[in-house]
Novice: 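Please read through the structure below; I'll follow up with questions.
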Amino acid sequence: MSDATVVICGATAGVGRAAARGFAGAGYRVAVIARGEQGLQETARQLQAMGAQVLAIPLDVADAAALDAAATRIEAELGPIEIWVNAAMATVFAPASALSAEEIRRVTEVTYLGCVHGTLAALRCMRPRNRGTIVQVGSALAYRAIPLQSAYCGAKFAVRGFTDALRCELLHDASAIRLTMVQLPAHDTPQFDWARNKLGRRVQPVPPIHTPEVAARAILRAAREAPRELWVGSASLKAIIGTLLMPGLLDRLLARRAWDGQMSAEAEADGRPDNLFQPVEGLHRIDGRFGDQARQQALALDSSTPGRLALGAGALLALGIGLVLGRRGR
């Protein structure tokens with residue numbers, strides 16, 4: 001659906017900005033939403049240079065009323081919203097015991113409630129037309145939590161629960177509105193340079209690391225095909241299926257490997273600004289500092305595929321057993 005309107009929350013850096021470029025390149029009219037004025041204007045200019053019609057709206061996705069008002073404005077200025085992408089996120093790198101209630105609340109307000117607010121605003125616009133697609137930008141951490149990011153993992157789990165419940169409601173109502181979630185692996189984004197960090201060492205993604213464009217392509221595919229979920233990268237697939245089959249073993253493996261694995265040998269700079277409560281200007285770019293490690297391709301698997309493969313394998317096994325028993329009977 002090129003020449004349609006897409007809304008992207010969290011669109012000024014990393015995965016969100018890469019997705020905005022992807023939709024602009026595909027011919028969509030693009031509304032970008034984020035807190036920072038500087039990042040918004042930089043993103044808008046970049047998309048306009050690609051020939052896209054752009055509307056940039058500065059707001060905090062934790063503000064439900066502001067997000068709902070933005071949806072009304074977008075429909076008035078760009079046209080009916082066909083796709084809404086919830087990509088805004090915030091995190092804190094710290095053991096749970098070192099987190100304050102305010103930090104946990106803020107991560108939840110942005111990463112979980114921001115998604116809820118965006119979804120409800122999109123639904124209000126889409127329901128009268130009975131069409132549209134909502135894309136939740138999730139993570140493998142929505143299935144497999146890791147140490148040192150408990151608030152973020154909890155929020156991503158919550159997004160998945162909310163999305164599953166809402167999907168059932170849309171099915172009950174026989175709605176044609178589509179709901180999909182993209183579960184991403186590690187990406188090379190600026191978040192590791194502006195997320196709040198209480199560990200004393202610079203943080204890094206757990207390899208394998210992918211370019212943000214990998215995520216952008218997956219989001220664009222999800223917007224067009226609307227699978228129930230799209231699992232991106234072999235690490236996501238292993239984390240999701242491994243958690244279903246052997247969660248205790250993964251607990252022990254992550255306790256050993258994912259602690260130091262999220263920290264580099266470099267000390268974190270004292271007094272470095274973070275974006276938990278206020279935007280950090282100057283870091284609004286797509287890529288982070290791990291480009292030399294980032295992969296440009298990744299497997300993207302419809303979440304229904306493993307079930308179909310298992311069903312097919314079960315059917316073949318049953319057929320084989322039937323043939324063996326039939327021969328013995330004769």
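In what follows, residues are counted from 1 in the order of the sequence shown.
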Novice: Does Leu276 reach the side chain of Glu103, with side-chain heavy atoms less than 4.5 Å apart?
Specialist: yes
Novice: How close do Arg35 and Gln278 get, counting heavy atoms only, and between which atoms?
Specialist: NH1-N, 3.5 Å
Novice: Would you say Gln204 and Met263 make side-chain contact, with heavy atoms under 4.5 Å?
Specialist: no
Novice: For Gln38, give me all partners under side chain to side chain donor-acceptor pair (under 3.5 Å), at least two apart in sequence or on another chain.
Specialist: Glu42
Novice: Could I get the full list of ring pair (Phe, Tyr, Trp, His ring centres under 6.0 Å) partners for His210, not counting sequence neighbours?
Specialist: His187
Novice: Nearest 0.5 Å please: distance from the CD1 atom of Ile241 over to the CG atom of Leu245.
Specialist: 7.0 Å
Novice: Will you find, in the side chains of Ser304 and Asp302, an N or O donor that is under 3.5 Å from an N or O acceptor?
Specialist: yes
Novice: To the nearest 0.5 Å, tell me how far Trp84 CH2 sits from Ile177 CD1.
Specialist: 13.0 Å
Novice: Taking side-chain contact (heavy atoms from CB on, under 4.5 Å) as the test, write out the residues that go with Ala195, two or more places apart.
Specialist: Thr91, Phe93
Novice: State, yes or no, whether a side-chain contact exists between Gln48 and Gln53 at a heavy-atom distance under 4.5 Å.
Specialist: no
Novice: Would you name the heavy atoms of Val30 and Val32 that are closest together and state the gap between them?
Specialist: CG1-CG1, 3.8 Å
Novice: Do you see a donor-acceptor pair shorter than 3.5 Å between the side chains of Thr5 and Arg29?
Specialist: yes
Novice: Could you check whether any side-chain heavy atom of Leu230 comes within less than 4.5 Å of a side-chain heavy atom of Ser303, counting everything from C-beta outward?
Specialist: no
Novice: Got Val7 and Val85 here, is their nearest side-chain heavy-atom distance under 4.5 Å?
Specialist: no
Novice: Enumerate the side chain to side chain donor-acceptor pair (under 3.5 Å) contacts for residues 286-300, please, sequence neighbours excluded, ordered by first and then second residue.
Specialist: Asp193-Arg289
Novice: Quick one: does Tyr152's side chain get under 4.5 Å of Thr111's, heavy atoms only?
Specialist: yes
Novice: Within a radius of less than 6.0 Å around CZ of Arg178, do more than 12 heavy atoms belonging to other residues, nucleotides or ligands occur?
Specialist: yes
Novice: Do you know which two heavy atoms are closest between Ala19 and Ile8, and how far apart they sit?
Specialist: C-CD1, 3.9 Å
Novice: Would you say the side chain of Ile83 lies within less than 4.5 Å of the side chain of Phe23, judging by non-hydrogen atoms?
Specialist: yes
Novice: Is the shortest side-chain N to carboxylate O distance from Arg131 to Glu82 below 4.0 Å?
Specialist: yes
Novice: Dump the intermediate steps for salt bridge (charged side-chain N to carboxylate O under 4.0 Å, His left out) on Glu268 and Arg272, then the final yes or no.
Specialist: CA-CA 8 Å; Glu268 183 61 278; Arg272 174 181 68 77; 3.1 Å; yes
Novice: Can you name the closest pair of heavy atoms from Cys125 and Glu75 and give their distance?
Specialist: CB-OE2, 3.4 Å
Novice: Pick one: which of Leu148, Leu199, Asn197 meets side-chain contact (heavy atoms from CB on, under 4.5 Å) with Gln262?
Specialist: Leu148
Novice: Could you report the tightest heavy-atom contact between Arg129 and Pro80, atom names first, then the distance?
Specialist: CZ-CB, 3.6 Å
Novice: For the atom pair OG1 (Thr119) and CE (Met126), what is the distance rounded to the nearest 0.5 Å?
Specialist: 9.0 Å
Novice: Using only atom types and a distance under 3.5 Å, with no angle test, would you say the side chain of His172 pairs donor to acceptor with the backbone of Cys168?
Specialist: no
Novice: Would Glu229 and Arg167 satisfy salt bridge (charged side-chain N to carboxylate O under 4.0 Å, His left out), going step by step from the backbone distance to the final call?
Specialist: CA-CA 11 Å; Glu229 291 189 3; Arg167 185 183 294 107; 5.5 Å; no
Novice: Does a side-chain heavy-atom distance below 4.5 Å link Arg221 with Val182?
Specialist: no
Novice: According to the side chain to side chain donor-acceptor pair (under 3.5 Å) rule, which pairs have a member within residues 232-258, sequence neighbours left out?
Specialist: Arg144-Asp251
Novice: Working to the nearest 0.5 angstrom, can you tell me the gap between Leu283 CG and Asn275 CG?
Specialist: 9.0 Å
Novice: Measure the spacing between OG of Ser139 and NZ of Lys156 and express it to the nearest 0.5 Å.
Specialist: 6.5 Å
Novice: In Å and rounded to the nearest 0.5 Å, what is the OH to CZ distance from Tyr112 to Phe157?
Specialist: 14.0 Å
Novice: Between Val159 and Met181, what is the shortest heavy-atom contact and its length?
Specialist: CG1-CE, 3.6 Å
Novice: Evaluate the salt bridge (charged side-chain N to carboxylate O under 4.0 Å, His left out) criterion for residues Glu77 and Arg73: first the C-alpha distance (whole Å), next the side-chain angles of each, then the deciding distance (0.1 Å), finally the verdict.
Specialist: CA-CA 6 Å; Glu77 298 187 29; Arg73 179 183 170 190; 2.9 Å; yes
Novice: Can you tell me which residue pairs pass the salt bridge (charged side-chain N to carboxylate O under 4.0 Å, His left out) test with a partner in residues 51-69, sequence neighbours excluded?
Specialist: Asp60-Arg106, Asp68-Arg124
